[in-house]
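Side chains are part of it too, since the values below use all heavy atoms of this structure and drop only hydrogens, waters and symmetry mates.
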Amino acid sequence: MSTPNITIHYLDHSRAERILWLLEELELPYTLKEHKRTPDGASPPELHEIHPLGKSPVITDGNVVVAESGAIVEYVIQKYGKDKAVVPESGWLDNLYFSNYAEASLMESISRRITFDRIATRFPEEQQPIVQTVSDTLNSMLVTPDLEKHGKLVEAHLEKTKGSWVAGGQNPTSADYLLGFSLEMLVLFAPEYAGTRVKEYVNNVQTRPAYKRAMERLSHDYAFIIPK
């Protein structure tokens, strides 16, 4: 196995948390480069120097640049961590499905919920009540039905695995590194759709020693720790 030369470009309070946890869990050496958001919450210009989209997470590994959470997780596991992220044969399809589901379906609905909840604050104060009314209506029509389905789907799966990881094994796999952040967002921003198993799962993630080490590396308090 080649020696990693990984730098993670971490935008504060972002999906990059997934990659920090992954690297700590696999006990890989890495350099952490933190980036601060602009006053309007966007990524700073220097991230565009790393990748054209200027998004986070993004890693470099020597001369290799990898962006997108799912691609980074698969790259790191396949190159450096296969023995520590073993997917049980019985959980292969669950791992494949939930690795893709976390971003493609679940985070899309959660992101829309957050956008509709906050969009009124972007308007002049006198316009905010009517904008909030419209956004609440859109939330109810377009987001609530999906979030209800997502909450039930994930809760049923975690009930099936009986408190273990998504693929049913003893250690986290790619699905966990990707789904963990999405479920943090569900618990914080749409808690009415987060069942008992979902909350237990997030607590299991956030109390792991590797996760705690990852958070300790940051120069700020991570915004999405679930209050006890």
Side-chain angles (χ1 to χ4, degrees), residues 11 13-22 41 55-57 68-74 77 85 87-88 90-120 132 134-169 171-208 211 222-228:
L11 182 64
H13 311 307
S14 73
R15 290 166 167 83
E17 167 257 13
R18 294 164 161 158
I19 311 306
L20 281 180
W21 175 35
L22 167 67
K55 301 293 185 180
S56 175
E68 299 293 342
S69 296
I72 296 170
V73 168
E74 288 300 327
I77 288 176
V87 179
S90 61
W92 178 84
L93 187 56
D94 285 334
N95 187 70
L96 176 65
Y97 173 74
F98 282 101
S99 291
N100 288 275
Y101 162 83
E103 281 293 296
S105 295
L106 180 55
M107 273 308 299
E108 179 186 10
S109 293
I110 296 171
S111 295
R112 285 199 289 174
R113 169 70 173 265
I114 295 170
T115 298
F116 287 142
D117 283 349
R118 295 178 174 178
I119 194 169
Q132 189 63 56
V134 172
S135 64
D136 288 346
T137 301
L138 291 173
N139 236 333
S140 179
M141 292 174 57
L142 302 177
V143 181
T144 295
D146 283 346
L147 285 176
E148 186 173 0
K149 293 174 187 176
H150 288 309
K152 290 179 179 178
L153 184 150
V154 178
E155 185 74 10
H157 180 74
L158 295 177
E159 180 64 34
K160 183 180 72 173
T161 61
K162 299 297 183 185
S164 67
W165 299 101
V166 169
N171 296 297
T173 59
S174 61
D176 299 290
Y177 296 117
L178 292 161
L179 188 63
F181 175 84
S182 302
L183 293 184
E184 287 177 350
M185 298 297 99
L186 185 69
V187 171
L188 284 171
F189 295 104
E192 64 270 37
Y193 305 111
T196 300
R197 287 293 188 184
V198 167
K199 293 174 183 176
E200 289 175 351
Y201 177 89
V202 171
N203 182 67
N204 288 342
V205 169
Q206 294 193 343
T207 55
R208 282 184 73 80
Y211 186 98
Y222 180 58
F224 305 131
I225 295 294
I226 309 301
K228 296 295 187 289

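- Scanning all heavy atoms of the two residues, the minimum distance from Lys199 to Ala194 falls at CE-O, 3.2 Å.
- Across Glu148, Glu192, Glu108, a single residue satisfies salt bridge (Lys or Arg N to Asp or Glu O under 4.0 Å) together with Arg113, and that is Glu192.
- Judged as a side chain to side chain contact (heavy atoms under 4.5 Å, CB included), and not counting sequence neighbours, the contacts of Pro88 are Ser90, Ala167.
- For the pair Leu158 and Val198, the minimum side-chain heavy-atom distance is below 4.5 Å.
- Shortest non-hydrogen contact noted between Val205 and Tyr211 is O-CB, 3.2 Å.
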In a table with atom names and distances, give each donor-acceptor pair under 3.5 Å that connects a side chain of residues 139-147 to protein atoms at least two apart or in another chain.
| from | atom 1 | to | atom 2 | distance (Å) |
| --- | --- | --- | --- | --- |
| Asn139 | ND2 | Asp117 | OD1 | 3.0 |
| Thr144 | OG1 | Asn139 | O | 3.3 |
| Asp146 | OD2 | Arg112 | NH2 | 3.4 |

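- Proximity of Ile77 to Leu22: side-chain heavy atoms (C-beta onward) are separated by under 4.5 Å at one or more points.
- For Tyr193, there are no side chain to side chain donor-acceptor pair (under 3.5 Å) partners at least two apart in sequence or on another chain.
- A donor atom on one side chain and an acceptor atom on the other are found under 3.5 Å apart for Ser69 and Arg18.
- Annotation: side chain of His150 is not in contact with side chain of Ile110 (no heavy-atom distance under 4.5 Å).
- In this structure, Met185 CE and Leu106 CG are separated by 10.5 Å, a value rounded to the nearest 0.5 Å.
- Atom NZ of Lys162 sits about 5.5 Å away from atom CZ of Arg197, to the nearest 0.5 Å.
- From Ser56, atom OG reaches atom CD1 of Ile72 across 7.5 Å, with rounding to the nearest 0.5 Å.
- For Ser105, there are no side chain to side chain donor-acceptor pair (under 3.5 Å) partners two or more places apart in sequence or in a different chain.
- Between Ser99 and Leu178, the shortest heavy-atom contact is O-CD1, 3.4 Å.
- Closest non-hydrogen pair, Ser182 versus Met107, comes out as OG-CG, 3.1 Å.
- For the pair Pro172 and Arg208, the minimum side-chain heavy-atom distance is below 4.5 Å.
- Two residues are said to be in side-chain contact when any heavy atoms from C-beta on lie closer than 4.5 Å; Asn95 and Val166 fail this criterion.
- Between Val134 and Thr137 the shortest side-chain heavy-atom distance does not fall below 4.5 Å.
- Ring geometry for Tyr101 versus Tyr97: interplanar angle under 30°, hence parallel rather than tilted (30 to 60°).
- Using modelled atom types and a 3.5 Å distance limit, the side chains of Asn204 and Glu200 yield no donor-acceptor pair.
- For Glu74, the CD atom is densely surrounded, since the number of other residues' heavy atoms within 6.0 Å is greater than 12.
- In this structure, Leu188 CG and Leu183 CG are separated by 11.0 Å, a value rounded to the nearest 0.5 Å.
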Step-by-step side chain to side chain contact (heavy atoms under 4.5 Å, CB included) determination, Thr173 to Asp176: CA-CA 5 Å; Thr173 59; Asp176 299 290; 3.4 Å; yes
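- If you take CG on Asn100 and CG on Leu179, they are separated by 11.5 Å, rounding to the nearest 0.5 Å.
- The line from CD of Glu184 to CZ of Arg15 is 12.0 Å long, rounded to the nearest 0.5 Å.
- A tilted orientation is assigned to the rings of His157 and Phe98, their planes being inclined by 30° to 60°.
- The ring-ring contact (aromatic ring centres under 6.0 Å, His included) check on Phe189 picks up nothing, with sequence neighbours excluded.
- Not counting sequence neighbours, the partners of Tyr201 by the ring-ring contact (aromatic ring centres under 6.0 Å, His included) test are Trp165.
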